[in-house]
Amino acid sequence: MTPLENIQNCIKEKKCFVLQGGAGSGKTETLKEALKYISENYPDKRVACITHTNLAVDEIKSRVGDIYTISTIHSFLNSIIKDYKKNIFQCIFELFKVKKIERNEIEFYDGDEKEQKKKEHDKYKKVYEKYAKKLFTITSESIDKPEGKRIYDANPITYNTNLNTRIDELNEVIKREIEAKDFNKIKYNETRFDSYNDLTFGHDGLLEIAYQLFSTFPKIGKILQDKFDYIFIDEYQDTNENIIEIFLSYLAQSHTTTIGLFGDSMQAIYEDGIGNVHKYVSDGILEEIIKEDNYRCSVQVVEFINMLRNDGLNQQVQLKHTESSLDERQGNVNFYYSIVENKPHSRSSDGDKAQYLRKLNELIEYAKSTQDNYKLLMLTNKSISLEVNFNNLYESFAQRYQDPKEYIDEALIKLQLLELVEFCQAYENGNYNYILSELKRIGYPIKTIAAKTKLKSDIEYILNFDGAAIEVLDYAFSNSLIKKSEIFDSYIDRKDVFLRSLDNYEYRTFKTNYNDGMNTFARMVSGDVTIEEEQFKELEKELKKERLFTSLFSPAVTFQEVINYYLYINETTDYITMHKTKGSSIDNVIVVLDEYFWIKYDFSKIFDPEINDNKKFDSQKLFYVACSRTKTNLTCIRLIKSDEEDLLNNLFINATRIDL
């Protein structure tokens with residue numbers, strides 16, 4: 001039986017299933033065929049199809065029409081729960097409360113006391129920071145910084161207990177304030193943020209609220225079952241684990257509604273997705289259907305990416321209806337590497353890193369010379385910011401973080417700069433319906449010609465503004481183009497409180513010494529400065545944080561840089577990050593297989609068949625996703641140590657050494 005026939009059989013017999021297929025296997029096309037099969041054979045059945053993007057929604061609707069409910073996961077869940085405001089009111093405290101700290105004993109760390117102390121103090125600081133932020137939001141009260149590691153290590157249980165007591169007290173305040181609010185005002189606000197004051201919830205909050213409702217009130221699950229006979233979810237691996245649990249634990253086991261999942265666990269590269277559904281297959285809840293086709297890649301690329309899979313799925317080239325033979329699916333795969341014996345790590349000196357990156361860039365230039373019309377895929381690269389012109393934004397975060405990207409994203413979201421960019425890009429792309437709907441959502445509808453003229457003038461002023469990005473935000477807020485969020489106010493307030501806290505003799509002295517060249521612990525000690533190493537590390541963190549804020553809010557970080565960064569992460573430049581590579585095919589791809597000193601990944605582990613740890617699997621999946629987007633020609637490059645050469649050549653037989 002073909003995969004589609006297997007799905008049709010599951011539809012007939014009301015069996016829940018998961019279609020597992022590699023990149024380019026036509027999973028979404030199969031989903032469309034399944035919908036078509038239901039419409040022709042079971043026209044009275046009700047179907048919901050859930051995707052992750054509005055683009056995918058439009059694509060599926062164009063094929064099957066509007067006979068079924070086809071929407072994003074957020075739109076779907078909101079349509080189900082929005083009318084149960086009293087029930088949401090009973091659950092919403094779970095969204096706004098501060099979660100307490102729980103200590104892991106030394107056995108959790110395999111008996112490593114040093115690792116336990118480090119991880120537990122890191123956890124303490126994170127929980128403390130969340131508590132401090134929420135306390136400030138609720139009461140406008142600021143508190144001291146969390147205890148340093150040396151002080152905390154002396155009595156961690158006491159400090160955890162004290163923090164949990166304070167969290168309990170704050171949570172009681174939050175609970176009382178929520179109970180005093182009008183539950184009728186509760187709603188999904190269609191933004192990235194939850195709003196405590198308005199009692200509304202954003203994208204992530206919606207997922208949490210939905211899970212709380214389905215797990216607390218079984219009747220809501222039964223109501224959903226009455227609405228739909230079949231629910232299909234595309235790209236299941238990127239769906240939140242709790243949401244998958246809703247469908248497979250609270251719906252599927254009743255056999256009233258058939259759940260169908262479409263995706264690929266090998267492409268699970270995001271931390272907030274479930275990744276795989278092995279346990280549901282093992283428990284007999286899902287029937288697994290394997291799809292080994294590949295309609296995207298050349299023969300050579302398919303052979304290469306099959307080596308990267310770790311689940312036994314072996315893709316085979318399948319011709320598209322527009323192709324007559326395999327001659328039309330030919331390409332090339334090249335793997336170029338150079339030897340570098342002293343490969344720097346995350347704590348290496350800037351000089352060593354710079355020297356390494358110079359050699360890596362030489363290899364990149366060599367790869368470019370062998371390939372036309374390429375897209376360059378890499379984990380992260382400072383040079384991209386120079387090429388695409390967002391280097392001041394990048395450097396603001398790079399001076400504090402080893403891999404700035406996730407922190408840039410977080411800050412731009414909290415500061416609502418990405419929201420403003422999306423608004424302006426909609427204008428430039430002629431998507432005026434989006435603009436009008438966004439303005440209507442925040443209570444600023446455009447009804448007159450004069451208002452439209454002013455709106456046009458305001459947007460063009462922002463697009464042509466060459467000053468600080470933060471200044472253009474003030475203009476957008478003042479002219480009601482976007483609505484200021486609580487998260488924005490909290491970010492600004494916390495920044496101001498932090499900067500004021502630096503006005504003390506200890507920090508000023510440290511900053512002077514550091515800027516005078518004593519920028520390592522050893523140098524400061526040799527300069528006759530009395531300081532403990534832990535104290536040096538904490539003060540250095542504060543200095544880097546101050547520098548980040550000073551730079552981020554300076555005229556150097558312009559709104560145009562934020563636009564350039566937005567265009568970069570949305571793949572409209574020649575440079576793409578490996579984490580943003582899932583999507584349409586690219587004719588020619590150059591993959592830079594380098595960690596850029598990010599300790600989360602280690603691509604060298606891919607070459608060693610004896611290694612089987614999470615870091616290897618994460619690295620392997622990311623490499624697979626990047627390579628599998630290639631349509632015709634793939635070029636991979638990597639700098640390796642000489643003792644890795646044999647391992648590399650065992651896996652990639654045609655790897656070519658380039659002596660630079």
Side-chain angles (χ1 to χ4, degrees), residues 73-74 76-103 123-143 160-224 240-247 249-250 272 410 413-414 483 485-491 493-494:
I73 187 67
H74 292 93
F76 179 79
L77 291 174
N78 184 52
S79 69
I80 298 300
I81 72 170
K82 65 181 181 180
D83 294 328
Y84 305 114
K85 294 190 175 183
K86 284 187 177 180
N87 302 92
I88 296 174
F89 191 64
Q90 296 177 53
C91 297
I92 203 166
F93 167 71
E94 295 297 320
L95 183 62
F96 291 108
K97 75 176 184 181
V98 181
K99 292 182 174 61
K100 296 196 290 187
I101 188 170
E102 295 182 8
R103 181 175 176 81
K123 185 199 303 180
Y124 174 77
K125 287 194 297 182
K126 288 178 181 178
V127 175
Y128 190 100
E129 181 69 14
K130 289 178 181 178
Y131 164 75
K133 287 180 179 178
K134 185 69 73 172
L135 180 69
F136 190 87
T137 299
I138 304 299
T139 68
S140 299
E141 178 184 346
S142 300
I143 58 174
N160 283 359
T161 301
N162 291 341
L163 177 57
N164 281 339
T165 299
R166 297 166 79 174
I167 289 174
D168 282 336
E169 292 170 353
L170 178 59
N171 282 340
E172 282 301 316
V173 174
I174 293 171
K175 184 179 290 186
R176 287 197 302 270
E177 289 194 0
I178 288 176
E179 290 172 349
K181 293 177 183 286
D182 182 1
F183 72 85
N184 288 302
K185 294 182 178 180
I186 292 175
K187 66 176 182 178
Y188 171 44
N189 59 35
E190 299 184 52
T191 73
R192 298 180 176 93
F193 310 110
D194 303 321
S195 175
Y196 175 77
N197 289 335
D198 295 340
L199 215 59
T200 63
F201 44 89
H203 302 325
D204 291 341
L206 172 63
L207 303 183
E208 175 65 23
I209 289 293
Y211 179 73
Q212 292 294 334
L213 286 177
F214 279 92
S215 58
T216 306
F217 304 104
K219 186 175 289 188
I220 294 178
K222 292 177 181 177
I223 292 171
L224 179 56
N240 182 277
E241 183 175 3
N242 286 341
I243 301 306
I244 292 294
E245 186 177 345
I246 288 175
F247 292 113
S249 294
Y250 301 125
D272 54 353
E410 180 183 6
I413 289 172
K414 288 182 177 179
K483 183 180 179 181
S485 72
E486 290 176 17
I487 300 294
F488 176 90
D489 285 333
S490 177
Y491 190 95
D493 288 339
R494 294 291 297 170

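Sequence positions, counted from 1, serve as the residue numbers for this chain.
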Worksheet item: Roughly how far apart are Lys82 NZ and Ile186 CD1, rounded to 0.5 Å?
Response: 15.5 Å
Discussion item. What I'd like to find out is whether the side chain of Leu77 reaches to under 4.5 Å of the side chain of Ile243, using heavy atoms alone.
Written reply: yes
Worksheet item: Does Ser249 use its side chain to pair, donor to acceptor, with the backbone of Ile246 at less than 3.5 Å?
Response: no
Fill in: Shortest non-hydrogen contact from Phe93 toward Ile178
CA-CD1, 3.8 Å
Worksheet item: Where is the tightest heavy-atom contact between Asp194 and Asn189, given as atom of each residue plus distance?
Response: CA-ND2, 4.4 Å
Practice prompt. Considering non-hydrogen atoms only, spot the tightest contact between Leu95 and Ile209 and give its length.
Written response: CD2-CG1, 4.1 Å
Worksheet item: Distance from Ile88 atom CD1 to Lys86 atom NZ, nearest 0.5 Å?
Response: 13.0 Å
Discussion item. Give me the atom names and distance for the closest heavy-atom approach of Ala132 to Ile143.
Written reply: CB-CD1, 3.7 Å
Discussion item. Is the shortest side-chain heavy-atom distance between Ile81 and Leu206 below 4.5 Å?
Written reply: yes
Item to complete: Could you walk me through whether Phe201 and Glu208 pass the side chain to side chain contact (heavy atoms under 4.5 Å, CB included) test, one step at a time?
Response: CA-CA 9 Å; Phe201 44 89; Glu208 175 65 23; over 6 Å; no
Item to complete: Sorted by first residue and then second, give each salt bridge (charged side-chain N to carboxylate O under 4.0 Å, His left out) pair with at least one member in residues 178-187; sequence neighbours left out.
Response: none
Worksheet entry | Set of residues satisfying side-chain contact (heavy atoms from CB on, under 4.5 Å) with respect to Thr165, sequence neighbours excluded | Thr161, Glu169
Worksheet entry | Contacts of Asp493 that satisfy salt bridge (charged side-chain N to carboxylate O under 4.0 Å, His left out) - sequence neighbours left out | none
Fill in: Proximity of Phe214 and Tyr250 rings by center, below 6.0 Å
no
Item to complete: Please test Leu199 against Phe89 for side chain to side chain contact (heavy atoms under 4.5 Å, CB included), starting from the C-alpha separation and ending with a verdict.
Response: CA-CA 9 Å; Leu199 215 59; Phe89 191 64; 4.0 Å; yes
Discussion item. I'd like to check the salt bridge (charged side-chain N to carboxylate O under 4.0 Å, His left out) partners of Glu410; sequence neighbours left out, ordered by chain and number.
Written reply: Lys414
Worksheet item: Rounded to the nearest 0.5 Å, how far does CG of Asn162 lie from CD1 of Ile167?
Response: 11.0 Å
Worksheet item: Does any N or O in the side chain of Ser490 come within less than 3.5 Å of the main-chain N or O of Glu486, such that one atom is a donor and the other an acceptor?
Response: no
Worksheet item: Any donor-acceptor pair under 3.5 Å linking the side chain of Asn87 with the backbone of Phe217?
Response: no
Fill in: Atom pair CG (Asn240) and CG (Asp272), whose distance is rounded to the nearest 0.5 Å
7.0 Å
Discussion item. Looking at Asn164 and Ile101, would you say the former's side chain and the latter's main chain have a donor-acceptor pair under 3.5 Å?
Written reply: yes
Kindly list each side-chain donor-acceptor pair under 3.5 angstrom involving residues 123-131, sequence neighbours excluded, with atom names and distances?
from	atom 1	to	atom 2	distance (Å)
Lys123	NZ	Glu102	O	2.6
Lys123	NZ	Glu120	OE1	3.3
Lys123	NZ	Glu120	OE2	3.2
Tyr124	OH	Glu147	OE1	2.5
Tyr128	OH	Asp144	O	2.7
Glu129	OE2	Arg494	NH2	3.4

Fill in: Distance, nearest 0.5 Å, that separates CG of Asp168 from NZ of Lys175
9.5 Å
Fill in: Considering all heavy atoms, the nearest Leu213-Cys91 contact
CD2-SG, 3.9 Å
Worksheet item: Can you list every pair that meets salt bridge (charged side-chain N to carboxylate O under 4.0 Å, His left out) and has a residue in residues 87-96, with sequence neighbours left out?
Response: Glu94-Lys97
Worksheet entry | Exam field: side chain Thr139 to backbone Phe136, donor-acceptor pair closer than 3.5 Å | no
Worksheet item: Can you check whether Val173 reaches Arg176 side chain to side chain, under 4.5 Å on heavy atoms?
Response: yes
Worksheet entry | Lys134, NZ atom: more than 12 neighbouring heavy atoms under 6.0 Å | yes
Worksheet item: Would Lys219 and Ile223 satisfy side chain to side chain contact (heavy atoms under 4.5 Å, CB included), going step by step from the backbone distance to the final call?
Response: CA-CA 6 Å; Lys219 186 175 289 188; Ile223 292 171; 4.3 Å; yes
Worksheet item: Do Tyr188 and His74 pass the side-chain hydrogen bond (donor to acceptor under 3.5 Å, both in side chains) test, and can you show the C-alpha distance, the side-chain angles, and the key distance before you say yes or no?
Response: CA-CA 9 Å; Tyr188 171 44; His74 292 93; 4.9 Å; no
Discussion item. Given 3.5 Å as the limit, does a donor-acceptor pair link the side chain of Asp198 with the main chain of Thr200, or not?
Written reply: no
Worksheet item: What distance separates Ile138 CD1 from Lys133 NZ, expressed to the nearest 0.5 Å?
Response: 14.0 Å
